[in-house]
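One structure below.
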Amino acid sequence: MMKISSIFRFTTTVVLFLLLAAGVNAQSVIIGTVRDESGNPLSGASVSLQGTATGTTTDNGGTYTLKVKGGTYTVSASYVGFSTSPKRVTVAEGATATLDFSLNNSGVTNEVVVLGSRALPRTQLETPVPVDVIDIKKIAQDAPQVYINQILSYVAPSFNSGTQTVADGSDHIDPASLRGLGPDQVLVLINGKRRHNTALVNINGTFGRGSVGTDLNAIPVAAIDRIEILRDAASAQYGSDAIAGVINIILKSSVNRVTFSTTAGANVTRFLGKSITDGQTVQNAINFGIPLGQQGGFINFSGSFDYRNYTNRAGERTGTIFSRYNGRNAAGAIQTVDRTDSFLTANNKTREDFKQRVGQSRLRSGQFMFNSSIPMDDQGTEFYMFGGLGYRNGQAAANFRLPNNTNNILAIYPLGFLPEIHSDIYDRNLSFGIRGKLKEWNVDFSNTYGQNQFIFKVANTLNSTMGIASPTRFNSGGPAFTQNTTNLDFSRSFAGLSGINIALGAEHRFERYQLVPGEEASYADYGRSRQVGVDAAGRPILVPDLRGLVVTRFGGPDSSALTGGAQSFPGFRPENAVNATRSAIAAYADGEFNFSKAFLIDGAARFENYNDFGSNVSGKISMRYKVRESFAIRGSVSTGFRAPSLHQRYFSNTSTLFVGGIPYEVATFPNDSRAAKLLGIPDLRAEKSKSVSLGFTGNFGKFKVTVDGYLTRINDRVIYTDLFLGSNAANASATDRELYNILLSYNANRAQFFANAINTETKGVDLVVSYGTKIGTGNFRADLAGTVSKTMRVGPIKSSELLKSKESIYFSEASRIYLESSVPRVKANLTFTYGISKWNFFVRNVYFGAVDEATTAVLYQQTFDPKVITEASIGYKISRSTRISVGSNNIFDIYPERVADPGNTTANQFIYSRRATQFGFNGRYVYGRFEISL
């Protein structure tokens with residue numbers, strides 16, 4: 001496993017090499033200033049050479065510099081809320097040409113995008129598939145959100161992500177999705193290169209249950225120039241995982257400018273009749289770039305330090321907190337007497353002291369990223385490199401263990417205890433490559449390395465089978481995922497028709513998934529023994545054995561068997577340890593044919609071969625037809641493919657899962673395990689999909705409109721089953737007895753698996769409308785974006801013969817709701833921005849549609865009503881280099897409806913759903929931001 005220090009040394013060496021190797025040949029230069037119609041400089045405006053990938057952004061004074069070869073170019077300048085303004089310029093070899101721009105607000109920008117086609121960049125309204133462009137630089141100034149998942153969840157209606165609570169590792173890495181599909185069905189790129197997945201599998205009660213996503217929050221917002229979201233199936237173009245679409249993050253490349261910002265805020269809300277302040281957050285972010293050499297090279301650095309405190313929205317604890325043993329009744333059942341009141345009085349405590357911690361986790365993180373490029377000659381050849389390092393420490397709470405809990409040791413915790421699950425998350429990535437011309441072909445050769453490591457630690461807990469000798473902190477081990485991708489890409493434009501572009505390439509990807517066991521005390525049950533015989537009196541002779549089937553340590557008034565391992569999150573066992581690898585190779589071809597200026601057809605095909613899942617061929621055809629210059633129809637038809645992740649194939653562990661307030665020790669087994677064979681769980685297969693989309697784009701002066709409908713069918717979708725159990729009853733079958741003993745040896749009483757259980761269909765419509773104009777001397781912009789989608793299971797549950805009559809466990813009602821309706825099926829946002837002189841005003845209303853409570857209890861399959869969340873901010877430029885802003889998210893302090901199912905509230909602690917991902921339940925958030933740009 002590559003160490004952070006190794007990556008740092010390697011990165012430093014390469015950067016120093018670039019600095020020394022930077023060319024000094026004289027080259028032509030285009031310089032200029034971008035201003036608004038009032039003459040004010042526009043900082044952060046995009047300036048690019050049309051028909052190429054060359055571009056830059058303006059500095060704080062609105063100036064820019066482009067290094068080019070001598071010739072004639074079309075240069076385009078754009079800025080959010082202002083119209084794009086292309087101009088022609090001719091510059092002699094070795095000379096400098098000046099080209100200034102004055103942008104006005106006569107319309108809404110139509111951003112240039114590179115995603116969705118391997119031909120030359122196109123504007124959003126000319127692409128044959130829907131692509132959203134999110135200007136992160138601008139949004140980071142106005143919006144309350146400081147993490148990518150939060151920003152996209154409020155800006156892009158088709159994107160969903162929510163903070164989870166009491167969900168083990170998912171408290172620390174937010175699952176995210178596109179178009180209501182799974183977190184593992186959207187592909188993430190950085191600068192067009194594949195981003196690695198997380199090491200974490202979402203196995204607790206959250207949306208995306210059983211899936212493996214990408215940790216977008218590991219990328220500092222300060223490093224991002226813009227984000228392109230391709231809302232269309234793209235496996236044939238970009239490979240496995242792109243069934244729902246692609247998110248491409250473009251890093252900053254600006255130089256000669258330092259930008260620093262501090263954002264601080266907290267939740268200031270009224271909860272259960274009381275005014276509270278919690279969830280304090282602070283983010284310090286910096287970005288700066290320096291030129292390399294004399295040919296337009298650069299290196300841009302970004303970093304951020306984040307602190308987020310926890311929130312708590314648990315209700316007042318009800319029910320018995322402490323009881324006394326009161327003998328047994330005539331039937332032999334244990335009797336207890338509630339002594340809560342006297343217990344609280346004697347210990348000078350209230351029910352508040354025994355609350356859960358239900359809300360966002362506490363996080364501390366540091367992220368670093370860089371982006372660089374060095375031209376190697378005057379023919380357009382360049383060496384590029386980008387990457388980053390990140391560390392996040394998380395603290396989340398589990399379920400409270402009351403004083404007389406069977407597994408509590410009163411000598412250690414006389415008042416009970418609230419276990420905490422801590423995390424150490426390491427993220428590292430490095431991409432480098434060279435691109436240029438080979439005769440008439442554009443060639444790009446690159447390698448991308450990425451790794452995510454998640455180490456679990458448990459604090460304020462114990463291992464009850466160790467008695468008073470138990471430690472209260474444990475290292476529970478954890479997973480690591482490594483990915484290395486090598487690409488060779490070719491593209492070329494040909495004369496003919498109104499333009500032809502051909503692209504082809506190959507890819508090799510290596511993946512490694514590891515599970516590292518925790519320390520022995522974190523998983524061991526020291527109350528287990530193995531019988532080796534009987535003594536002269538016929539009594540069993542027992543030998544201590546951590547996997548023995550004889551229980552020897554009991555506790556509580558009912559003499560229940562004590563549970564081994566760290567309470568709340570037992571460590572990964574040696575039997576869970578895995579070091580699995582696989583490789584995949586792919587080849588693709590992509591052709592774009594402009595039959596006329598109005599009619600475009602794009603076709604793509606991709607072959608992939610995994611050494612563990614075999615081969616697949618995906619294809620895609622997309623088209624765009626301009627009915628007139630301001631109106632176009634577009635659509636696509638494609639097939640897709642997603643190989644189950646190594647995590648889904650090899651993950652196994654034992655954890656505590658509360659179902660209806662009842663704790664179960666649940667073991668997850670791989671599909672090739674004996675437990676899976678006993679139940680008839682089949683081997684995993686790849687998911688395959690078919691997608692179709694149809695829509696139109698319109699440019700009606702100050703209005704820009706796109707509407708796109710889609711349908712995606714996924715066969716053999718991978719899900720995470722519900723809880724299977726064995727039995728040791730006298731009349732139990734041999735299969736049930738064997739499963740019972742397997743579970744017992746893993747300190748568990750229930751079993752779960754990954755399985756290709758169902759087929760699904762997702763259909764929906766996306767709408768985006770933008771409008772811009774001048775009001776008085778200021779610039780006004782309005783954006784409306786919305787999505788309506790529906791995912792549902794189609795066809796029967798795909799069970800085996802051994803699973804007949806167990807379909808309700810194999811794919812339960814709770815699993816169905818997680819898949820179909822635990823995130824909003826309807827979502828929309830309406831955003832207004834108005835800038836005048838030194839002031840900027842921002843208001844956004846986000847409509848979060850109804851969601852359902854994921855439970856198997858049909859009586860309590862509650863639907864939570866839609867809500868509108870309003871956020872607003874006011875920004876003021878103190879000087880050319882300094883800006884302040886204040887604002888609020890959820891300004892009206894809106895909370896979701898309360899949970900009706902008493903089994904899902906656990907003594908009134910979970911009064912809001914922790915299973916449905918709508919908009920969270922932290923209440924109002926207020927913040928202030930200070931920015932300086934030099």
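Arg929 has no carboxylate O lying under 4.0 Å from a charged side-chain N of Glu931, or vice versa, which leaves the two without a salt bridge.
The backbone N or O of Gly394 lies less than 3.5 Å from a partner atom in the side chain of Ser423, making a donor-acceptor pair. Side chain of Thr165 to backbone of Gly359: a donor-acceptor contact under 3.5 angstrom is found.
For Gln145, the side-chain contact (heavy atoms from CB on, under 4.5 Å) criterion is met by Ala143, Gln150, Ile151, Tyr154, Arg844, Glu871, Asn889, not counting sequence neighbours. Residues meeting the side-chain contact (heavy atoms from CB on, under 4.5 Å) test with Arg924, sequence neighbours left out: Ser888, Asp893, Val926. A search for side chain to side chain donor-acceptor pair (under 3.5 Å) contacts involving Asn217 returns nothing, not counting sequence neighbours. Scored by the side-chain contact (heavy atoms from CB on, under 4.5 Å) test, Thr163 finds Asp174, Arg308, Gln360 as partners (sequence neighbours excluded). Taking Ala785 as the reference, Pro157, Val768, Asn829 meet the side-chain contact (heavy atoms from CB on, under 4.5 Å) condition, with sequence neighbours excluded.
The cationic group of Arg435 does not satisfy the cation-pi geometry with Phe445, failing either the under 6.0 Å distance to the six-membered ring centre or the 45° limit from the ring axis. Relative to the ring axis of Tyr310, Arg357 places its NZ or CZ within 45° and under 6.0 Å from the centre.
Defined by atom type and a distance below 3.5 Å, a donor-acceptor pair is present between the side-chain atoms of Asn484 and Asn447. Judged purely by distance below 3.5 Å, without hydrogens or angles, the side chains of Asn149 and Ser161 pair a donor atom with an acceptor atom. Side chain to side chain, Asn487 and Glu507 meet the donor-acceptor criterion of an N or O pair below 3.5 Å. Side-chain contact check for Asn309 and Arg362: at least one donor-acceptor pair (N or O, by modelled atom type) lies under 3.5 Å. Using modelled atom types and a 3.5 Å distance limit, the side chains of Thr311 and Asn267 yield no donor-acceptor pair. Remark: the Thr262 side chain and the Asn284 side chain contain an N/O donor-acceptor pair separated by less than 3.5 Å. For Asn452 and Asp427, the side-chain atoms include at least one donor-acceptor pair closer than 3.5 Å. A donor-acceptor pair shorter than 3.5 Å cannot be found between the side chains of Arg313 and Asn922. Neither side chain, His508 nor Thr486, offers a donor N or O lying under 3.5 Å from an acceptor on the other. A donor atom on one side chain and an acceptor atom on the other are found under 3.5 Å apart for Tyr384 and Asp444.
Proximity of the aromatic rings of Phe370 and Phe386 is defined here by a centroid distance below 6.0 angstrom, and this criterion is not met. Less than 6.0 angstrom separates the ring centroid of Phe481 from the ring centroid of His647. Remark: aromatic rings of Phe919 and Phe848 are close, center separation under 6.0 Å. Aromatic rings from Tyr426 and Tyr391 are positioned such that their centres are separated by under 6.0 Å.
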Check the pair Thr263 / Thr281 against side chain to side chain contact (heavy atoms under 4.5 Å, CB included), numbers first and verdict last.
-> CA-CA 8 Å; Thr263 303; Thr281 63; 5.9 Å; no

Hey, mind stepping through Arg914 and Val166 against side chain to side chain contact (heavy atoms under 4.5 Å, CB included) and telling me if it holds?
-> CA-CA 8 Å; Arg914 55 180 173 144; Val166 195; 3.7 Å; yes

How far apart are the C-alpha atoms of Arg883 and Asp142, what are their side-chain angles, what is the distance that settles it, and do they pass the salt bridge (Lys or Arg N to Asp or Glu O under 4.0 Å) test?
-> CA-CA 11 Å; Arg883 184 180 190 270; Asp142 295 329; 3.2 Å; yes

Using the side chain to side chain contact (heavy atoms under 4.5 Å, CB included) rule, take Ile250 and Ile224 through it: C-alpha gap first, then chi angles, then the decisive distance, then the call.
-> CA-CA 6 Å; Ile250 309 297; Ile224 302 172; over 6 Å; no

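Scanning all heavy atoms of the two residues, the minimum distance from Ser431 to Lys193 falls at OG-CB, 4.4 Å.
Around atom NZ of Lys827, more than 12 heavy atoms belonging to other residues, nucleotides or ligands sit under 6.0 Å away.
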Enumerate, atom names and distances included, each donor-acceptor pair closer than 3.5 Å involving a side-chain atom of residues 299-306, sequence neighbours excluded.
unit_1: Asn300; atom_1: OD1; unit_2: Asn287; atom_2: ND2; d: 2.6
unit_1: Asn300; atom_1: ND2; unit_2: Ser254; atom_2: O; d: 2.9
unit_1: Ser302; atom_1: OG; unit_2: Ala222; atom_2: O; d: 3.4
unit_1: Ser302; atom_1: OG; unit_2: Asn287; atom_2: ND2; d: 2.6
unit_1: Ser304; atom_1: OG; unit_2: Asp306; atom_2: OD1; d: 3.2
unit_1: Asp306; atom_1: OD2; unit_2: Gln283; atom_2: NE2; d: 2.6

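Ring geometry, Tyr927 versus Tyr925: the interplanar angle falls under 30°, so the pair is classed parallel (tilted spans 30 to 60°).
Considering only heavy atoms from C-beta on, Glu228 stays 4.5 Å or farther from Ile249 through its side chain.
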